[in-house]
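Structure, as structure tokens:
Note: hydrogens, waters and symmetry copies are ignored here, and every other heavy atom, side chains too, is used. As the structure lists them, so they are numbered: ligands from 1, and atoms in each ligand from 1.
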Amino acid sequence: MSRGQAPGKVLLVGEHAVVYGHPALAAAIPRQVTVEVEPAPAPALELPGGLSVPAELLQAAVELAREAGFEAGFRARVASEIPLGSGLGSSAALGVALARAFAPGCGPERAAALAMRLERVLHGAPSGVDPAACSQSGVIFFVRGEPPLVEPVRGGASLCILGSGIARGTRSTVLPLAERRRSDPRLDRALEKLGDLSRTARRLFEEGRLDPLGALFDEAHGLLRDPLGVSCPELESAVAALRSAGALGAKLTGAGGGGAAIGLARDQAHARELATRTGGFAVRIGSA
Ligand code: PMV
């Protein structure tokens, strides 16, 4: 039997912009997806809680296994500390964990490239930021490409993650935004601005300047809400709850339309305080 594991992720800044070639800042979170694989006569994927496996997901796992050099049939059992559809990278973490189980010892670039098989099935035309974040530990600066640019970012921070209570697929906001972009020139300007914010956020993060970083989270959320239109009432409530609990700044994370929000904390004790006040959970990203 072989085992693979990978963490979930949050997008700190630059979601959606990254689809159009602008940079994003993303971080692995200490919540794992684990896969145990054993040879079997026919391929089978067992999701947590007996969730049914769409045929195209199984097919993508078979192709991933083959590309990783695993020729036999398999039974892959999945356990997850990340709720599926929560916007915290469960599908990318599943892809990276499968890659590590089928190709033990593979490096982060190869694991991320293999995981793209699943991402393409589940997300259409993904930028690749999710598998890159889930295959690295810590925080990364990412620009899509063949191959993508993935640079480690120094430093650490504490966050409170608060779910919106709405599960959703990434496609549900990425495709409508692509459509609206054709007729609304403001959207390209907002996407470019988000890319600039990713560059600034990287510098502030590395310098440990949390107050301006919090203000930058607020600014990024403003653009994602309007004109990009990828927030929703439940995410607005989550962001407002994090702010009124005392977060230095808060924003939706990932595709939006549901999923989760993140609030920046001063330190881990503050993140735990925010978690107690809002019902979210505290995480440390990057270095301790
Ligand atoms: O799957 P999510 O919610 O983490 O969203 C991924 C980030 C997007 O920029 C919205 C999509 C992408 O492919 O980069």
Which heavy-atom pair separates Ala260 from Leu235 by the least distance, and what is that distance?
O-CD2, 3.6 Å
Measure across Leu98 and Ala61 and return the closest heavy-atom pair with its distance rounded to 0.1 Å.
CD1-CB, 4.2 Å
Please give me the minimum heavy-atom distance between Phe142 and Ser127, naming the atom from each residue.
CZ-O, 3.4 Å
Could you identify the single nearest non-hydrogen protein atom to atom 3 (O) of ligand 1 and state the distance to 0.1 Å?
Arg168 NH2, 2.7 Å
Test side chain to side chain donor-acceptor pair (under 3.5 Å) applied to Ser91 and His123, step by step
CA-CA 9 Å; Ser91 65; His123 297 321; 3.1 Å; yes
Atoms in ligand 1 with a heavy atom of Val18 nearer than 4.0 Å:
9 (O), 14 (O)
Pair Arg202 + Glu151, salt bridge at N-O below 4.0 Å:
yes
Closest non-hydrogen contact found for Ala28 with Ile285 is O-CG2, 3.6 Å
Out of curiosity, is Lys9 lining ligand 1, as in a heavy atom under 4.0 Å away?
yes
Polar atom proximity, Thr253 to ligand 1 (N or O, under 3.5 Å)
no
Cluster question for you: counting only ILVMFWY and a side-chain heavy-atom cut-off of under 4.5 Å, with indirect links fine, are Ile29 and Leu264 together?
yes
Which protein heavy atom lies closest to atom 8 (C) of ligand 1, and at what distance to 0.1 Å?
His16 N, 3.9 Å
In ligand 1, which numbered atoms sit nearer than 4.0 Å to a non-hydrogen atom of Val19?
9 (O), 11 (C), 12 (C), 13 (O), 14 (O)
Which part of Thr173 is near ligand 1, with near meaning a heavy atom under 4.0 Å away: side chain, backbone, both or neither?
neither
Need the ligand 1 atom indices (1-based, order shown) with element for anything under 4.0 Å from a heavy-atom of Ser127.
12 (C), 13 (O), 14 (O)
Give a yes or no on whether a salt bridge exists between Asp218 and Lys251, defined as a side-chain N under 4.0 angstrom from a carboxylate O.
no
Would you mind listing which atoms of ligand 1 come within a distance below 4.0 Å of any non-hydrogen atom of Pro126?
13 (O)
Identity and distance of the protein heavy atom lying nearest atom 1 (O) of ligand 1:
Thr170 OG1, 2.6 Å
Of all the atoms in ligand 1, which lie at a distance below 4.0 Å from a heavy atom belonging to Val129?
14 (O)
Closest non-hydrogen protein atom to atom 5 (O) of ligand 1, residue and atom name please, with distance?
Ala255 N, 3.3 Å
